Amino acid sequence: MDAAGAIDVAAIRSRQVLLVVSNRLPIVLETAPEPRGERKHALVARPGSGGLVSALLPVLRHRGGTWVGWAGLPTEDGQEREVAQAQEQASGEFGFALQGLPLSGAEVRDYYEGFSNRVLWPLFHDLPERCCFDPAYFEAYVGVNERFAEAILACGSADLTWIHDYQLIGVAAALRARGVLSRLGFFLHIPFPPPDLYLRLPWRFQILRMLLAHDLVGFRTLPDRSNFIACVRRLLPEVKLLGRGHLVAADRIDSGSASAPPGAQARIGVFPISIDDAGYVKRAQTAVVRDLAQRLRGNFPPDRQLILDVDRLDYTKGIPERPRAFDLLLSQHPALIRRVTLIQVMVPSREDIAEYASLKAEVDRLVSQINGRYTAPGDWVPVQYVYRALAHDELIAWYRCCQIALITPLKDGMNLVAKEFCARSVDEDAVLILSEFAGAETQLHGGALIVNRHGIGSVAAALYRAVRMPLDERRSRMRRLRRQVASGDVSWWVNAFLRAAIAKDLSDFPRTDDYVPTDAAGYSTV
């Protein structure tokens with residue numbers, strides 16, 4: 001801020017080194033009552049959540065740059081001015097600029113809810129039966145990606161334009177068509193399907209060509225990259241692929257055109273995304289979190305083991321199978337009755353969509369059945385059910401006071417919750433149970449109990465083993481997990497991507513001390 005307290009957004013933009021592009025800005029807009037009891041409401045911005053926000057906010061703070069994305073409200077709401085003001089305020093608080101892109105209700109319906117989440121999301125998560133291949137969806141998807149390209153052009157130059165995730169696969173192709181020669185990187189935060197699944201996509205050629213318009217395409221795991229390369233080999237045999245190591249090179253699909261010099265290549269690599277490990281460890285050790293964890297733990301007897309199941313409401317997460325596995329555990333081992341409690345935390349998501357509402361109803365029914373079957377007089381309820389978003393400190397406190405984390409998605413690109421649980425388990429008296437279909441399994445298999453989450457018996461057996469695991473084995477495994485997470489934290493992830501994309505790392509982008517942002521909980525995020 002300047003001497004008068006005003007936010008100098010122009011100064012933030014002048015420090016631009018990275019231009020980050022994602023479907024959503026890293027903020028959530030909420031209405032707040034105007035002073036003096038007026039009926040008019042203003043919009044205020046608070047930090048958003050999710051893996052991408054958690055990973056990149058620590059990187060952009062104090063280094064300048066711009067984040068381009070949708071603010072989350074359709075333009076028909078008539079709040080364009082309020083949205084712009086909230087974004088500018090957040091720019092000053094974050095220390096980098098936010099460039100919002102307005103979307104109409106029709107665009108949200110067809111581009112976001114349609115092609116992104118009724119085509120790419122289920123197909124890439126091995127659930128093709130949930131796809132709806134409406135041609136109008138793809139048309140809207142291309143149109144919105146072109147609008148993102150125009151918004152990027154309006155931001156000016158940057159060392160790297162870093163585009164994120166499945167909603168924006170077509171942005172680079174739109175930029176190349178507009179003559180852009182600068183470095184464009186892309187990172188896919190969800191899995192990439194094998195050829196037999198990918199071939200079901202009617203626009204399979206277009207999507208591959210869009211991806212190959214980037215200078216660097218990043219995947220979370222080696223199997224994802226292998227699936228992509230296999231699809232390129234099968235569908236685009238004219239594309240030459242070179243290399244077998246960390247980076248594989250492919251002829252850029254627009255090479256030789258007006259928007260790319262002859263011989264241009266797209267490099268394809270694996271960059272396992274991670275978390276701000278040091279920041280999470282530091283916060284987990286604060287008095288605020290420690291006291292909250294003690295209060296939560298105080299609601300249970302000292303010898304009760306707590307199993308944490310926390311996830312966003314989504315059909316890819318395999319949520320109903322977890323209470324089923326817990327039910328099986330109790331039926332097979334009645335001696336554990338009153339000795340274990342499942343903390344079932346489900347964060348609301350897309351509640352207006354029928355299949356999500358049906359999923360919630362199924363979980364509600366399962367929890368009710370289990371509690372009705374086993375609840376005993378006194379202080380034992382088998383499943384403590386929480387259906388709401390948790391505040392940041394509350395989530396960390398649950399991580400600290402629960403001995404077991406049950407993370408068993410049907411399919412997940414990485415699953416940063418697994419890494420967060422490890423980072424915040426500072427007492428190391430904890431066990432991670434992880435699905436072999438989570439991307440994090442490739443890094444955490446050495447210390448976690450890995451399960452085939454399609455078999456409820458396998459999950460129940462892992463729960464039993466975790467409950468009975470000796471303390472020395474718990475600590476040995478958790479130390480191994482914590483070392484793995486710490487050695488491959490968010491800075492490592494960003495540095496690996498930057499080195500591959502532009503031969504630079506974060507040390508080439510010096511920090512400034514103009515801003516000291518705070519997060520929603522009010523503590524410093526530096």
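For reference, positions follow the sequence shown, starting with 1. None of the values given here were measured: they were computed from a predicted structure. No hydrogens, no waters, no symmetry mates; every other heavy atom, side chains included, goes into these values.
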Can you see which heavy atom on D224 is nearest to which on P191, and at what distance? OD1-CA, 3.5 Å
Any pair counted as ring-ring contact (aromatic ring centres under 6.0 Å, His included), so long as it reaches residues 352-385, sequence neighbours left out: Y315-Y356
Ring-ring centroid check F115 Y137, cutoff 6.0 Å: no
Partners of A284 by side-chain contact (heavy atoms from CB on, under 4.5 Å), sequence neighbours excluded? I396, R400, R424, V426
Side-chain donor-acceptor pairs of residues 339-346 under 3.5 Å, sequence neighbours excluded:
{"residue": "T341", "atom": "OG1", "partner": "R304", "partner atom": "NH1", "Å": "3.1"}
{"residue": "Q344", "atom": "NE2", "partner": "D309", "partner atom": "OD2", "Å": "2.8"}

Would you find a donor on one side and an acceptor on the other, under 3.5 Å apart, between the side chain of R474 and the backbone of A466? yes
Ignoring hydrogens and geometry beyond distance, is a side-chain donor-acceptor pair present between Y112 and Q167 at under 3.5 Å? no
Side-chain donor-acceptor pair under 3.5 Å between N23 and Y111, yes or no? yes
Checking F326 now: which residues fulfil ring-ring contact (aromatic ring centres under 6.0 Å, His included) with it, not counting sequence neighbours? none
Step through it carefully: locate the ring centre of W70, locate the ring centre of F148, and say whether they are under 6.0 Å apart. no
Heavy atoms of R204 and L199 approach each other most closely as NH1-O, 3.2 Å
Does R324 use its side chain to pair, donor to acceptor, with the backbone of I456 at less than 3.5 Å? no
Treating S226 as the side-chain partner and L222 as the backbone partner, does any N or O pair qualify as donor plus acceptor under 3.5 Å? yes
Please determine whether a side-chain nitrogen of the Lys or Arg among R453 and E436 lies less than 4.0 Å from a carboxylate oxygen of the Asp or Glu. no
If you count heavy atoms of other groups shown closer than 6.0 angstrom to CZ of R233, is the number above 12? no
Check whether any side-chain N or O of R290 sits under 3.5 Å from a backbone N or O of Q285 as a donor-acceptor pair, and report yes or no. yes
Charged N-O contact under 4.0 Å between R468 and E473: no
Would the F271 and W493 ring centres measure less than 6.0 Å apart? no
Using ring-ring contact (aromatic ring centres under 6.0 Å, His included) as the criterion, list what pairs up with F228, not counting sequence neighbours. F192, F219
E428 and salt bridge (Lys or Arg N to Asp or Glu O under 4.0 Å): which partner among R475, R479, R480? R479
Could you tell me whether R482 and D277 have a side-chain N and a carboxylate O separated by less than 4.0 Å? no
Looking at R118 and D134, is there a salt bridge between them, counting it only when a charged N and a carboxylate O are closer than 4.0 Å? no
Got a salt bridge between R295 and D291, using NZ or NE/NH1/NH2 to carboxylate O under 4.0 Å? no
Classify the side-chain pair K419/Q443 by whether it contains a donor and acceptor separated by less than 3.5 Å. yes
Please confirm whether W162 and F497 have ring centers closer than 6.0 angstrom. yes
So, using ring-ring contact (aromatic ring centres under 6.0 Å, His included) as the criterion, who are the partners of H454 when residues are at least two apart? F437
